[in-house]
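Inspection log for the structure reproduced underneath, given as structure tokens.
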Amino acid sequence: MRSSEPLALPDGPLSMGRLLALEPAALRQLLTMGLRAGLAEPELDACCAAAAPLLGHSPEQLRAGLQERGWLRWDPGRQRWRTRLGSERPPAPPQA
Amino acid sequence: MTRILSVHSFRGGTGKSNLSANLAAAFAARGLRVGVFDTDLASPGIHVLCGFTAGPDSHTLNDHLQGSIPIEECSHDVTPSALGGGRGRIYLVPAAMDGDRIARLLREGYEVERLNDALFSLGQSQRLDLLIVDTHPGINEETLLSTAISDCLVMVMRPDQQDYLGTAVAIEVAQRLMVPEARLVVNKLPAHFDAEQVRARVAQSYGIPVGAILPLSDDLLTIASGSLALVDVPSHPWSAGVTQLAADLADALL
Ligand SMILES: Nc1ncnc2c1ncn2[C@@H]1O[C@H](COP(=O)(O)OP(=O)(O)OP(=O)(O)O)[C@@H](O)[C@H]1O
Ligand SMILES: [Mg+2]
């Protein structure tokens with residue numbers, strides 16, 4: 001399933017209150033797994049494949065939407081995808 | 001991987017901190033390396049039970065959440081001497097006790113994200129088998145997080161109507177957050193209540209396993225002010241109940 005509509009997820013940073021209210025359950029599952037150990041690539045694929053159709057989107061669109069919102073980020077230390085909470089901004093550019 | 005066990009209740013004063021500290025002792029007595037986080041930053045208290053007194057230079061969770069002190073420097077070995085001989089260890093991460101620090105935390109807040117990273121990072125660096133998270137009562141960003149990352153949620157309640165209703169809400173939240181395991185603990189059961197009847201009623205109402213039914217006890221009130229019942233009076237029915245619960249949890253989680 002693929003839609004040209006924007007992803008029906010709230011914009012802005014993720015909070016726990018927001019996570020709790022999300023549907024479908026498969027999306028909450030994805031994000032709670034990301035809060036715990038984090039997701040390996042095949043796990044993220046499987047979770048996106050499970051959740052995306054219920055939102056009327058493709059797995060790729062869901063994955064991109066989560067990354068754009070900063071809800072999901074690659075953790076190079078752990079080599080896993082991890083859920084990020086809060087309003088962490090990108091580091092400020094170095095001062096000249 | 002360190003297992004995370006959150007001890008939570010919907011209302012205050014159910015016995016979370018006493019249960020957390022004594023569970024930690026029971027796990028350590030089984031030779032496990034246990035961390036205890038006091039995430040009740042607004043009204044901390046578990047350090048008293050663990051016999052920890054902060055010195056002028058000792059760091060707390062607040063110094064990590066609102067500062068740059070590594071979480072390892074905020075953790076303190078509080079293993080009771082009675083348990084000191086074995087492999088078992090208890091590392092406490094206390095919350096700040098002075099009014100200014102508590103007020104600052106409430107005023108400025110912190111990124112709950114940092115708490116999550118701190119739990120995982122201490123688990124790894126101290127090679128902990130288990131991390132026990134003692135929580136603030138009710139539902140807020142921190143308790144939602146500690147619920148969501150738990151391998152097991154221990155819900156503590158008293159056998160009264162308000163706790164029955166509130167516990168149902170908290171359990172529904174835990175289910176939405178896909179907590180893999182949960183246990184109910186009924187604490188402060190008055191002597192004239194029939195424990196088996198309460199166990200059956202609670203098990204049926206919530207559909208999650210009952211971990212323990214622990215008696216209301218004046219002795220505990222006296223002991224609990226400053227030390228661990230499990231160490232001081234190990235054969236007391238309350239201590240025996242907690243020891244049994246720790247055995248069940250260790251089987252389920254490790
Ligand atoms: N089984 C019991 N019998 C008698 N008193 C108890 C029992 N369990 C705990 N208490 C007492 O109840 C009070 C609250 O206990 P505790 O601090 O462990 O609860 P809590 O849930 O952590 O509270 P809070 O929500 O404020 O963090 C303490 O005075 C403690 O000694
Ligand atoms: Mg407490």
Side-chain angles (χ1 to χ4, degrees), chain A residues 9-10 12-40 43-44 46-52 54-55 62 66-92, chain B residues 1-6 8 10 39 65-66 68 70-71 105 108-125 128 130-131 133 135-136 138-153 169-182 253:
Chain A
L9 294 178
L14 186 66
S15 66
M16 286 306 302
R18 197 166 243 186
L19 194 165
L20 182 68
L22 289 174
E23 294 292 350
L27 180 58
R28 293 197 303 278
Q29 174 95 64
L30 185 164
L31 292 167
T32 50
M33 283 172 75
L35 278 176
R36 292 171 191 168
L39 300 113
E43 287 172 319
L44 178 59
C47 284
C48 285
L54 300 163
L55 288 160
L62 174 58
L66 294 173
Q67 277 176 257
E68 277 158 24
R69 283 167 178 74
W71 294 6
L72 199 64
R73 268 188 233 171
W74 178 250
D75 180 337
R78 272 202 223 169
Q79 291 286 300
R80 282 177 171 262
W81 289 95
R82 296 195 57 210
T83 301
R84 306 308 303 191
L85 296 169
S87 56
E88 246 174 68
R89 289 179 205 94
Chain B
M1 178 106 179
T2 309
R3 300 286 160 182
I4 297 181
L5 199 146
S6 292
H8 187 43
F10 188 77
T39 66
L65 296 178
Q66 288 198 305
S68 55
I71 192 65
L105 190 112
E108 296 172 8
Y110 67 94
E111 295 279 353
V112 72
E113 178 76 34
R114 276 183 79 75
L115 177 61
N116 192 19
D117 289 343
L119 286 159
F120 282 94
S121 135
L122 189 73
Q124 205 164 36
S125 59
L128 300 176
L130 264 168
L131 252 169
V133 183
T135 65
H136 189 66
I139 292 170
N140 61 28
E141 281 289 299
E142 283 108 333
T143 61
L144 287 175
L145 174 69
S146 54
T147 300
I149 62 172
S150 300
D151 294 289
C152 181
L153 177 72
V169 174
I171 288 175
E172 196 192 313
V173 163
Q175 282 163 347
R176 280 188 70 82
L177 294 174
M178 328 269 163
V179 175
E181 294 258 359
L253 294 175

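Letters A, B, ... are given to chains in the order of the sequence lines, protein chains preceding strands, and every chain is numbered from 1.
Here the closest heavy-atom approach between residue D117(B) and residue R84(A) is recorded as OD2-NH2, 3.4 Å. In terms of heavy-atom proximity, S15(A) sits nearest to E141(B) at CB-OE1, 3.5 Å. Contact detail for R36(A) and F120(B): the closest heavy-atom pair is O-CZ, 3.3 Å. Of all heavy-atom pairs spanning E111(B) and G86(A), the tightest one is OE1-CA, 3.4 Å. Smallest separation of non-hydrogen atoms from L177(B) and T32(A): O-CG2, 3.6 Å. The minimum heavy-atom distance linking M16(A) with A148(B) is given by the pair CE-CB, 3.6 Å.
Separation of atoms CD1 (I149(B)) and OG1 (T83(A)) is listed at 11.5 Å; rounding is to 0.5 Å. Atom CD in Q175(B) sits 11.0 Å away from atom CZ in R28(A) (nearest 0.5 Å). The distance from the CG atom of L115(B) to the CG atom of L85(A) is 10.0 Å, given to the nearest 0.5 Å.
Proximity to chain A involves both the backbone and the side chain of M178(B), based on heavy atoms less than 4.5 angstrom apart. Proximity to chain B (any heavy atom under 4.5 Å) is restricted, for L19(A), to the side chain, taken from C-beta onward. Contact of T143(B) with chain A is not made at all, since no heavy-atom distance falls under 4.5 Å.
In this structure, Q67(A) places its CD atom where more than 12 heavy-atom neighbours from other residues, nucleotides or ligands lie under 6.0 Å away. Annotation for E172(B): atom CD does not count as buried by contact number, only 12 or fewer foreign heavy atoms lying within 6.0 Å.
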Test side-chain contact (heavy atoms from CB on, under 4.5 Å) on N116(B) and R82(A) and set out the steps. CA-CA 11 Å; N116(B) 192 19; R82(A) 296 195 57 210; 3.8 Å; yes
